[in-house]
Protein chains: 2
Amino acid sequence: MMTHDETRPDSAADQPPSSGRPTLKTIARLAGLGVTTVSRALHDAPDIGEETKARVRRLADSLGYQPNRAGVRLRTGRSHVIALVLATESEELGINSQLIYGISEALSASTYQLVVMMHDPLADPLGPIRNIVEAGAADGILFARIEPDDARVRFLTERGVPFATHGRTDMGIVHPYFDFDNEAYAESAVQRLASLGRRRLALVGPPPHLAYARHMASGFCRGVTAMKLESLSVGPIDTDSPHEHIQAEIYRLMQRRDRPDGFISGSAVAALSVTAGAEAAGLVLGRDFDVVVKESSDLFRKFRPAIETAREDFRAAGRWLAKAIVGRIEGTADASIHFLDVPRIAVSEQMPEQIPERMEGRRVGDGLR
Amino acid sequence: MMTHDETRPDSAADQPPSSGRPTLKTIARLAGLGVTTVSRALHDAPDIGEETKARVRRLADSLGYQPNRAGVRLRTGRSHVIALVLATESEELGINSQLIYGISEALSASTYQLVVMMHDPLADPLGPIRNIVEAGAADGILFARIEPDDARVRFLTERGVPFATHGRTDMGIVHPYFDFDNEAYAESAVQRLASLGRRRLALVGPPPHLAYARHMASGFCRGVTAMKLESLSVGPIDTDSPHEHIQAEIYRLMQRRDRPDGFISGSAVAALSVTAGAEAAGLVLGRDFDVVVKESSDLFRKFRPAIETAREDFRAAGRWLAKAIVGRIEGTADASIHFLDVPRIAVSEQMPEQIPERMEGRRVGDGLR
DNA sequence: TAAGTCTCCTGTAACGTTACAGGAGTGAAT
DNA sequence: ATTCACTCCTGTAACGTTACAGGAGACTTA
């Protein structure tokens, strides 16, 4: 075996520890203290003298000390990583980037890092989530596109791994979530269309396997029933369908004598396809039909003001989710925390006065709720 | 001091090492080998017997062994993290999510993780990049929105940290990048507009501090000169300007007697604002003016087919960048690798035949290049 | 037989951190 | 003087991994 004759260095001034980066050892040597003391001082432990703490902190600051993540992780078993698992399915106009912005914004002040992974839910319902858990790759997991009975929610709950979701299940499992109140949205949208004099409504909702498809449908039904309107069902299309399918289906629907005169859409892109289909049938938005849409940007409100919009703020959702998951990891937040975002159908904005031509359609009052 | 009387466990069957997760030690004990042997076997080292390797691999597989990232990172100093640094500035329609999809897609087969961070370039030109380097938080860094003289590129080159960018500088520093040939795009766009009979062109380019603003402008100028057309300069607006500003400026421009009849836009949203402004002035797209736009989704090509589009594929860019940065980290790729994406102005797609009304405007030939 | 040369495997140390079990020094109470 | 409590600091070990320096055994060569 080897002899290695320097378990304790005899010469006082030693070489730096290979990398230029300061460690606890660097600080300890400079301060004439033990590494343990330095560690505890930086953690503000009660059994370290105030003066020592201050001195250590000053030294650490001046050296630009930052704890080595690998060291901490190895010792504590905590990765300080939040995993965001995104579906590979087509996404609408950057809602995922908004979500990511919100999360990283909220995490940037913390010691947590955001790791993004892809997941094809068709190939494997659990996807990378099982792997994250088994590899201990993250302290907490975030995901969206929740199903009414969601395998991921069940799995993570069983394993006791902190997670938070955008959207909620019907499973009765208590866990942190942020959700947009799609039921209220649909109901408000119905009321809005009714107040515009529309009587025969159709809903283009999210893919039926997602939990909020049910919420939106039930709000739609409730609204239609309450207002004594008629509901027309569209064919097998949803907000994830290709543009051409939606457009063709709406075109077909608009040929009927009992064609709808109001549409509610779960997404901006789908609303465009709906409008395109209806216009292809020779109908005019705002005259022959109206559309209410849930969108995440202000884009369509700007360039197509005749379309009513409810805004879902994914950036705010991201911020909320980041705080929630950190709270769960650190044990400061209860599993029952959740947030149900109140939808608000926006009034079309006043255009700059030098372009009055864009003020097509009627002016509308204020939001419904 | 403590005595700790079990440096070598006497009882054969021991407790699992605290967590349920298998480590090299677990495999070693089960295989009756040393940890070093197991480690080297899994790394396919030449000095381990083939039969042993096979046995160890089988065992590792059956246990679901995955190397502990913290252990590897601590020992090797390699984090197996790729950092993507995104600007907080407004982004156009999910290009960043496309980029993220591409990157994580390419990384999902590797041992690398994608960490996403935000950066406000106005507050600090280097932003989290200095921090990543000093904390050793990532093995490689990706970023976009490159400036002609980019502080980040200079810094990382000086520090010798692997990085790759979407976009390129004018600095002459050799480094991996993926870029869209915006000069060629603008020139093609000019030719396209010329072939449509347009003579007086205006460019709505990216913010002038970005490197590709110059590329696009120079392509525009070259095209205009070559085709002997007229170029009209728009006011202080760019693709990042608020919708209202662009719209108002184009509206103003369109009041002039020598108004432009062709627009080239660096982004889809800006193209919409341009169109809105021109239409507000009572002009008709495809009759009074044409627009060529660079977009990352197929959205506008679908619902507004009269707008000519060149598609920039950010997902492919993400895939390329992921492979490039991993190649740089592992030393298998040269610093000089780069990819200049060839723009191709698309023909408006055939609409489904049951909706012929949408086939407004003229049919056009094939792409320019 | 002895030395040399392979092949295949091994233990130790170290990366940077924190939990643990003390321990030196001071001052107060017995 | 001894005990006790308190404050403030310390060394050791361990998390899981890999680099390093061997070393046992078989086989070849002189």
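Small disclaimer: the values here were computed from a predicted structure and weren't measured. Every chain is numbered from 1, with letters handed out A, B, ... down the list of sequences.
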### Task
Starting at atom CG of Leu42(B), determine the distance to atom C1' of dC9(C), rounded to an integer number of angstrom.
15 Å
### Query
Between the main-chain N or O of Val35(A) and the side-chain N or O of Ser39(A), is there a donor-acceptor pair closer than 3.5 Å?
no
## Note on the structure
Between Val35(A) and Ile48(B), the residue closer to the 5' end of DNA chain C by nearest nucleotide is Ile48(B)
### Summary
Arg40(A) CZ to dG16(C) P, in whole Å, measures 21 Å
### Query
Does the side chain of Tyr101(A) pick up a donor-acceptor pair with the side chain of Asn96(B) at under 3.5 Å?
yes
### Query
Taking NZ, NE, NH1 and NH2 as the nitrogens, is one of them in Glu330(B) or Arg78(B) under 4.0 Å from a carboxylate oxygen of the other?
yes
### Message
I'd like to know if the side chain of Arg319(B) reaches the main chain of Glu105(B), judged simply by a donor and an acceptor atom lying under 3.5 Å from each other, with no hydrogens or angles considered.
### Response
no
### Below 4.0 Å: OP1/OP2 of dT18(D) and any side-chain N or O of Ser39(B)
yes
#### Entry: Rounded interatomic separation in angstrom, taking CG from Leu24(A) and P from dC9(D)
16 Å
### Query
Which nucleotide in the set dG16(C), dT17(D), dT10(C) lies at the smallest distance from any side-chain heavy atom of Leu33(B)?
dT10(C)
### Query
What's the closest nucleotide to the Thr76(B) side chain, out of dT18(D), dC9(D), dT17(D)?
dT18(D)
### Atom-to-atom span, CD1 of Ile27(A) to C1' of dT17(C) - whole angstrom
12 Å
### Task
Send over the distance from Arg21(A) CZ to dA14(C) P, rounded to a whole Å.
20 Å
### Task
Determine, stepwise, if the pair Arg154(B) / Thr169(B) fulfils side chain to side chain contact (heavy atoms under 4.5 Å, CB included).
CA-CA 10 Å; Arg154(B) 191 185 311 285; Thr169(B) 70; over 6 Å; no
### Message
For Thr37(B), run the side-chain contact (heavy atoms from CB on, under 4.5 Å) check against Ile48(B), Val56(B), Asp47(B) and tell me which one passes.
### Response
Ile48(B)
### Query
Would you say Thr37(B) reaches dT10(C)'s phosphate, i.e. side-chain N/O to OP1/OP2 under 4.0 Å?
yes
#### Entry: Arg73(B) CZ - dC15(D) C1' separation (whole Å)
15 Å
### Rounded distance in Å - NE2 (His43(A)) to P (dC8(D))
19 Å
### Task
Report yes if at least one side-chain N or O of Thr52(B) is closer than 4.0 Å to OP1 or OP2 of dC9(C); otherwise report no.
yes
### Query
Which of parallel (below 30°), tilted (30 to 60°) and perpendicular (above 60°) describes His166(B) and Phe178(B)?
parallel
### Atom pair distance, as rounded to whole Å: CG in Asp47(A) and P in dA5(D)
18 Å
### Query
Among residues 54-71 of chain B, which contact DNA chain C at a heavy-atom distance under 4.0 Å?
none
### Query
What does Gly136(B) touch in the nucleic acid at a heavy-atom separation under 4.0 angstrom: a base, only the sugar-phosphate, or nothing?
nothing
### Query
Per the atom types in the model, does the base of dT17(C) pair as donor or acceptor with the side chain of Arg75(A) at under 3.5 Å?
no
